[in-house]
Asks: 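Pasting a structure below so you can have a look.
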Amino acid sequence: MSCGRLHVKIKRVCARKRSRNVFKTHLIPVRKQGRGGGREAGSTPCLLSRRSSTTMAEHRAVEYCSDSEDLFGEYDSILEDTSILAKLVEAEQHERLRSENLQSFRTLQPSADPISQSPKGPLTDSVFHELEDKVFEDLPPSQLQFQEQIQDQAKKSKMQVQNKTSTPSHTEAAGETNCEDGSRKHSKARRSVADLLKKTMLGNAATPVGVSRTALLKEAVISEEISVAMQAMENISAETPDLGPFFGLPSKVKELMHKLRGIQKLYDWQEACLNLECVQQRRNLIYSLPTSGGKTLVAEILILRELLCRRKDCLFILPYISLVQEKVRGLATFGLELDFMVEEYAGSKGKFPPVKRRNKRSLYIATIEKAHSLVNSLIESSRLNHLGLLVVDELHMLGDGSRGAVIEMTLAKVRYMSKATQIIGMSATLGNIKDLQMFLGAENYTNDFRPVQLKEYVKLNDTIYEVDPKEENCFRFSRMLNYKYSSSMQKIDPDHIIALVTEVIPLHSCLVFCPTKKNCENVAGMICKYLKEDFLQHREAEKAVLLQELKASGNGSMCPVLRRTVPYGVAYHHSGLTAEERKLVEEAYSRGVLCLLACTSTLAAGINLPARRVILRSPYVATEFLKRSQYKQMVGRAGRAGIDTIGESILILQEKDRSMAKELVCAPMESCYSNLMQDDEKGILSLILSLIGLNISSSLQQVEQFLHGTLLFVQQQQLCVERSLWDTVQRCVATLREKELITITATHSPSLQVTRLGRAAYKGSVDLSYCSVLYKDLLKGLEGLQLSSHLHLVYLVTPYDLVPQCNPDWMVYFRQFTLLSASEQKMFAAVGVPESFVARKAAGQTVKKSVDLVAVKRMYLALVLFSLLRDTDVWAVADRFQLTRGFVQTLLSSASAFCCCVLHFTEELEELWPFKALLLELTHRLSYCVKAELIPLMEVAGVLEFRAKQLYNAGYRTLSHLANADPAVLCRTLEHLYQKQANLMVASAKVRVPVEPG
């Protein structure tokens with residue numbers, strides 16, 4: 001056997017670890033890996049040496065590192081793990097000793113077969129037998145079958161080799177080897193398994209990855225285009241409106257926009273906005289357009305340009321968890337194709353500070369609260385300068401209560417701490433947009449473009465009027481309703497909703513906004529009662545599939561209203577639905593299987609579900625009259641781009657509301673004001689605490705200086721009427737000192753410092769009104785922490801803000817108490833809920849002894865959560881506690897988010913150290929409320945419990961399995977899975993597969 005002499009050039013380098021992932025943008029095909037990496041047990045060391053030498057001889061220019069350098073970093077290193085090498089040496093010695101004993105026994109009884117007398121070498125079948133059997137044991141069936149085929153081919157090849165020669169392969173190691181100079185040398189000593197393993201790994205590490213020439217050329221073109229765009233951005237001027245093939249981006253982005261979104265050409269306003277001088281010069285911008293005008297696409301192009309051309313991270317702030325999840329799904333494929341990370345920060349998801357990556361940029365998509373925590377962590381770790389762009393959707397929410405205050409704090413910190421970070425705000429049209437411009441130092445772009453023309457109408461009695469601000473009364477006669485009502489129908493439907501919806505459904509879609517959740521269900525049921533039988537035949541098979549999916553999502557249970565309305569193509573949509581029900585209803589409506597949704601106003605602010613006609617059942621939300629911004633958001637859903645040529649909205653009015661309705665539809669847009677001073681100055685208190693904790697400000701003067709960069713300062717003449725801003729700062733600092741959240745050093749220039757409790761409060765994003773109570777509850781809980789079940793821990797992370805909404809059913813309360821174990825019942829008394837109190841309440845007796853009702857109600861909510869962790873069935877738990885399944889779902893999501901906050905809170909307080917490990921596992925359990933084996937699959941965007949069970953049962957049990965899946969095979973394997981959904985699932989799994997920071 002001949003082996004070429006290997007000229008290895010040893011390069012001594014430092015011991016710093018380096019990543020082995022050299023070609024990050026290419027994946028080696030599975031079959032190539034199987035052929036190149038598969039090696040039968042028992043193959044000879046010389047054979048191993050020949051394979052590596054053949055490969056390395058072709059690439060002699062490559063410099064190899066010395067054995068002392070760890071080629072594989074800290075991820076799967078064998079060279080650093082001496083225990084593995086020691087085990088191999090021990091196994092080899094044991095095998096050699098057994099072979100020698102066997103040989104000595106055979107010399108006493110000589111055999112006619114010379115082959116049987118040959119001892120086994122160091123690489124034997126028995127040494128690696130267990131390793132080979134367990135390598136692929138957790139793969140999906142399709143991949144297991146492929147690996148079995150590879151192993152069968154290897155066995156056949158081995159048999160052919162043994163038939164050609166009488167000498168087993170393992171004896172070649174002790175035989176003669178041919179060298180390049182032709183001399184023959186006898187190897188008297190075997191090389192150890194450890195040495196062979198090291199040599200083979202060095203050879204494998206030096207082997208170049210097999211990448212097709214086409215892929216390399218394509219990668220080179222993209223890299224060239226990005227470099228050209230980067231140079232253009234550096235040499236930018238007002239005379240160069242276009243920076244590259246696609247607004248400064250490689251042409252691949254344009255191809256992806258067409259392939260994934262169906263976008264071939266941008267609207268004129270989008271091109272004009274992207275070519276604005278302030279955008280090219282990276283100055284801050286606020287742009288305002290009507291709903292459905294295509295605002296988000298401009299932001300996404302700017303984000304991609306920042307990620308790819310400037311190589312900076314980006315933060316995209318969205319108001320709701322559902323919007324964050326939808327955007328993560330939509331951009332996951334872009335991240336895979338263009339090599340950047342898409343990271344979700346919503347609910348309990350998100351790492352603080354984020355993972356630092358050397359070679360990949362990250363797009364953080366976050367809710368308002370998570371974005372604030374993320375910015376705080378970046379400031380604390382001195383990494384805010386890595387953030388190149390911050391985009392805020394629904395910027396007008398600055399005027400929306402406590403959430404608006406959080407947005408203001410986030411933007412003010414970014415502006416103050418990082419002058420290089422560009423801020424882009426998308427907003428509805430506002431009456432005081434100049435205040436926002438001054439706050440952000442931004443320019444404004446406004447356009448009234450809508451892709452589909454919108455016509456607004458109001459209905460009074462039987463008459464339809466068109467909204468026309470030019471008219472004296474704002475309304476102009478349009479037409480009379482032409483629908484015959486019987487006397488019974490007139491009583492049930494006095495507002496003629498059935499007449500209005502049957503003009504468009506089932507061929508077109510319709511949204512009916514209702515003032516309450518119960519009204520949504522009633523309206524959906526009423527409409528179906530009078531629809532013709534023809535509606536049942538429209539897309540009948542697809543509606544049958546939807547009913548099956550709804551039933552499966554509820555583990556056999558199904559809402560009776562949906563069971564009755566879905567066959568007609570009608571459903572309701574509000575927060576009372578479970579997450580899986582909402583997702584199924586939304587997807588069915590988007591595909592046209594459902595043609596009508598009766599919904600609350602939250603749908604208008606959530607994901608984009610447009611309709612041909614939008615009907616407002618009443619000008620009220622609950623008992624409050626609609627705001628102008630709410631009205632515009634609802635009617636803005638009318639008209640589907642690319643489908644409809646016109647969109648219609650109809651507001652149903654009573655005569656008593658006529659004058660108020662005129663102001664609603666014709667008045668100018670509302671103004672937006674700072675909310676830092678609202679709710680007893682809660683916002684400004686939290687802001688000052690975090691400023692001191694992050695070392696942004698350490699004195700009263702520095703705090704005041706920071707506040708000069710807030711919207712509150714811009715609007716102080718309107719908002720600081722009773723006391724000046726300086727007086728407000730002094731008052732807030734005194735309050736924080738009273739709460740023992742900060743200290744003030746008594747020197748000639750007082751210095752402000754945060755206490756441990758204050759640091760825990762701002763890092764955990766804990767409401768300051770609950771901060772002290774939470775700390776006392778956790779300390780008290782440590783004294784007698786009951787860990788025989790999760791109940792005590794669940795009680796400690798039950799949100800305080802949901803307690804006012806809780807009205808216990810005392811009979812249910814007492815029944816659930818009696819089902820608890822003795823230790824769990826004992827815990828009730830420890831937290832201040834005596835058994836006698838619950839028993840008397842259940843019996844209807846009065847209780848004279850004073851009891852903390854907050855603790856009693858909080859424990860009731862904890863029992864609901866505890867039941868969910870055991871049963872994981874929302875329907876069963878909701879029925880057991882006589883609650884709506886929507887409230888149970890809200891309680892679960894709120895508890896998981898609060899548990900995450902409490903975890904970060906306890907991390908800053910040494911005396912609460914036991915909670916760090918306990919709450920980490922509980923956070924995952926509450927986030928998904930499924931069996932432990934399904935949690936990894938639930939991480940994938942768009943995968944809920946029902947789909948996770950399908951994937952697990954089909955053999956896709958980890959993120960890696962799903963990331964390597966073929967979407968086409970997934971569609972064939974899983975019931976009722978569409979190709980688009982499969983593509984998004986696989987893309988999201990690939991984004992979430994753990995990778996090294998690099």
Asks: Looking only at atom types and distance, does a side-chain atom of D809 sit under 3.5 Å from a main-chain N or O of V812, one as donor and one as acceptor?
Replies: yes
Asks: If you count the non-hydrogen atoms of other residues, nucleotides and ligands that lie under 6.0 Å from NZ in K662, is the total more than 12?
Replies: yes
Asks: Within the 4.5 Å heavy-atom criterion, are C474 and D468 side-chain neighbours or not?
Replies: no
Asks: Would you check if Q325 and I321 make a side-chain contact, meaning some heavy-atom pair closer than 4.5 Å?
Replies: yes
Asks: Measuring from atom OG of S618 to atom CD1 of I652, what distance do you get when rounded to the nearest 0.5 angstrom?
Replies: 9.0 Å
Asks: Do side-chain atoms of D873 reach the backbone of W875 as a donor and acceptor pair under 3.5 angstrom?
Replies: yes
Asks: Got a second to check how far L892's CG is from R925's CZ, nearest 0.5 Å?
Replies: 11.0 Å
Asks: Can you tell me how far the CZ atom of R617 sits from the CG atom of L651, to the nearest 0.5 Å?
Replies: 11.5 Å
Asks: With a 4.0 Å cut-off, would you call E587 and K583 a salt bridge?
Replies: yes
Asks: Is the count of non-hydrogen atoms from other residues, nucleotides or ligands lying under 6.0 Å from Q490 atom CD greater than 12?
Replies: yes
Asks: For C520 and C599, work out which heavy atoms get closest and say how close.
Replies: SG-C, 3.4 Å
Asks: Taking the side chain as every heavy atom from C-beta outward, state whether V635 and L616 have any pair of such atoms under 4.5 Å apart.
Replies: yes
Asks: Examine distances only and state if a side-chain atom of K459 and a backbone atom of L481 form a donor-acceptor pair shorter than 3.5 Å.
Replies: no
Asks: Examine the side chains of Q654 and D495 and answer whether a donor and an acceptor come within less than 3.5 Å of each other.
Replies: yes
Asks: Are side-chain heavy atoms of P515 and V621 found at a separation under 4.5 Å?
Replies: no
Asks: Within the side chain of E408, is there an N or O that forms a donor-acceptor pair under 3.5 Å with the backbone of L398?
Replies: no
Asks: Output the distance between atom OG (S649) and atom CZ (F513), rounded to the nearest 0.5 Å.
Replies: 10.5 Å
Asks: Would you say the side-chain atoms of E945 pair up with the backbone N or O of S553, donor to acceptor, closer than 3.5 Å?
Replies: no
Asks: On a heavy-atom basis, which atom in S348 and which in C900 lie closest, and how many Å separate them?
Replies: O-SG, 4.0 Å
Asks: Could you go through the side-chain contact (heavy atoms from CB on, under 4.5 Å) check for I650 and V458 one step at a time?
Replies: CA-CA 5 Å; I650 301 176; V458 297; over 6 Å; no
Asks: Are a donor atom and an acceptor atom from the side chains of E503 and H508 found within less than 3.5 Å of each other?
Replies: no
Asks: Under the 3.5 angstrom rule, does the side chain of D493 hit a backbone N or O of I497 as a donor-acceptor pair?
Replies: yes
Asks: With a 4.5 Å cut-off on side-chain heavy atoms, are V797 and L926 touching?
Replies: yes
Asks: Could you go through the side-chain contact (heavy atoms from CB on, under 4.5 Å) check for T502 and L531 one step at a time?
Replies: CA-CA 8 Å; T502 51; L531 289 180; 3.7 Å; yes
Asks: Whether E542 and R539 form a salt bridge (side-chain N of Lys/Arg under 4.0 Å from carboxylate O of Asp/Glu) is what I want to check.
Replies: yes
Asks: Among all residues two or more places apart in sequence or in another chain, which pass the salt bridge (charged side-chain N to carboxylate O under 4.0 Å, His left out) test with K682?
Replies: D767
Asks: Will you find, in the side chains of H538 and E540, an N or O donor that is under 3.5 Å from an N or O acceptor?
Replies: no
Asks: Describe, in one word, how the ring planes of Y813 and Y860 are oriented to each other, choosing from parallel (under 30°), tilted (30 to 60°) and perpendicular (over 60°).
Replies: tilted
Asks: Within the side chain of N675, is there an N or O that forms a donor-acceptor pair under 3.5 Å with the backbone of S402?
Replies: no
Asks: Give the minimum heavy-atom separation between A611 and S509, together with the two atoms involved.
Replies: CA-OG, 3.2 Å
Asks: Only one of R613, R637, K455 forms a salt bridge (Lys or Arg N to Asp or Glu O under 4.0 Å) with E648, so which one is it?
Replies: R613
Asks: If we count only N and O atoms by modelled type, under 3.5 Å, do the side chains of E466 and S478 hold a donor and an acceptor together?
Replies: no
Asks: Below 4.0 angstrom, N of the basic side chain to O of the carboxylate: do R885 and E581 qualify?
Replies: yes
Asks: Side chains of K529 and I492: closer than 4.5 Å at any heavy-atom pair?
Replies: yes
Asks: I'd like to know whether the aromatic ring centres of H496 and Y485 sit less than 6.0 Å apart in this structure.
Replies: yes
Asks: Could you tell me which non-hydrogen atom of A524 sits nearest to which non-hydrogen atom of T565, and how far apart they are?
Replies: O-CG2, 3.8 Å
Asks: Does R858 make a cation-pi contact with Y795, if we ask for NZ or CZ under 6.0 Å from the ring centre and within 45° of the axis?
Replies: yes
Asks: Could you walk me through whether K327 and F316 pass the side-chain contact (heavy atoms from CB on, under 4.5 Å) check?
Replies: CA-CA 9 Å; K327 190 56 63 179; F316 197 169; 4.2 Å; yes
Asks: Can E369 and Y345 be counted as having a side-chain donor-acceptor contact under 3.5 angstrom?
Replies: no
Asks: If we ignore angles and hydrogens, is there a donor and acceptor under 3.5 Å between the side chains of N522 and Y572?
Replies: no
Asks: Does any part of the side chain of L861, heavy atoms only, come nearer than 4.5 Å to the side chain of L891, both counted from C-beta?
Replies: yes
Asks: Could you walk me through whether L577 and L562 pass the side-chain contact (heavy atoms from CB on, under 4.5 Å) test, one step at a time?
Replies: CA-CA 11 Å; L577 294 172; L562 291 177; 4.1 Å; yes
Asks: Main chain of K532, side chain of Y568: is a donor-acceptor contact present, judged purely on distance under 3.5 Å?
Replies: no
Asks: Looking at K370 and G347, what are the two nearest heavy atoms and their distance?
Replies: CE-O, 2.7 Å
Asks: Would you check, one step at a time, whether the test side chain to side chain donor-acceptor pair (under 3.5 Å) holds for H396 with E670?
Replies: CA-CA 10 Å; H396 54 269; E670 298 151 342; over 6 Å; no
Asks: Of all the heavy-atom pairs spanning R450 and P290, show the shortest one and how long it is.
Replies: CG-CB, 3.9 Å
Asks: Using the rule given for side chain to side chain donor-acceptor pair (under 3.5 Å), can you reason through E655 versus N461, listing the C-alpha separation, both sets of side-chain angles and the distance that settles it, and then say yes or no?
Replies: CA-CA 8 Å; E655 193 63 45; N461 300 321; 4.5 Å; no
Asks: Would you mind reporting whether L436 and C672 have side-chain heavy atoms less than 4.5 Å apart?
Replies: yes
Asks: In chain order, what residues pass the side-chain contact (heavy atoms from CB on, under 4.5 Å) check against S867, with sequence neighbours excluded?
Replies: Q816, R870, V877, R880, F881
Asks: Can you check whether V665's main-chain N or O pairs, donor with acceptor, with R628's side chain at less than 3.5 Å?
Replies: yes
Asks: Can you tell me how far CE of M660 sits from CG of L653, rounded to the nearest 0.5 angstrom?
Replies: 11.0 Å
Asks: How long is the gap from OG1 on T798 to CG on D801, to the nearest 0.5 Å?
Replies: 11.0 Å
Asks: Check the pair Y631 / E456 against side chain to side chain donor-acceptor pair (under 3.5 Å), numbers first and verdict last.
Replies: CA-CA 11 Å; Y631 169 77; E456 298 177 40; 2.7 Å; yes
Asks: Please check this pair: side chain of S896 against backbone of S893, looking for a donor-acceptor N/O pair closer than 3.5 Å.
Replies: yes
Asks: Does the plane of the ring in F625 sit parallel, tilted or perpendicular to the ring in Y620? Use 30° and 60° as the thresholds.
Replies: perpendicular
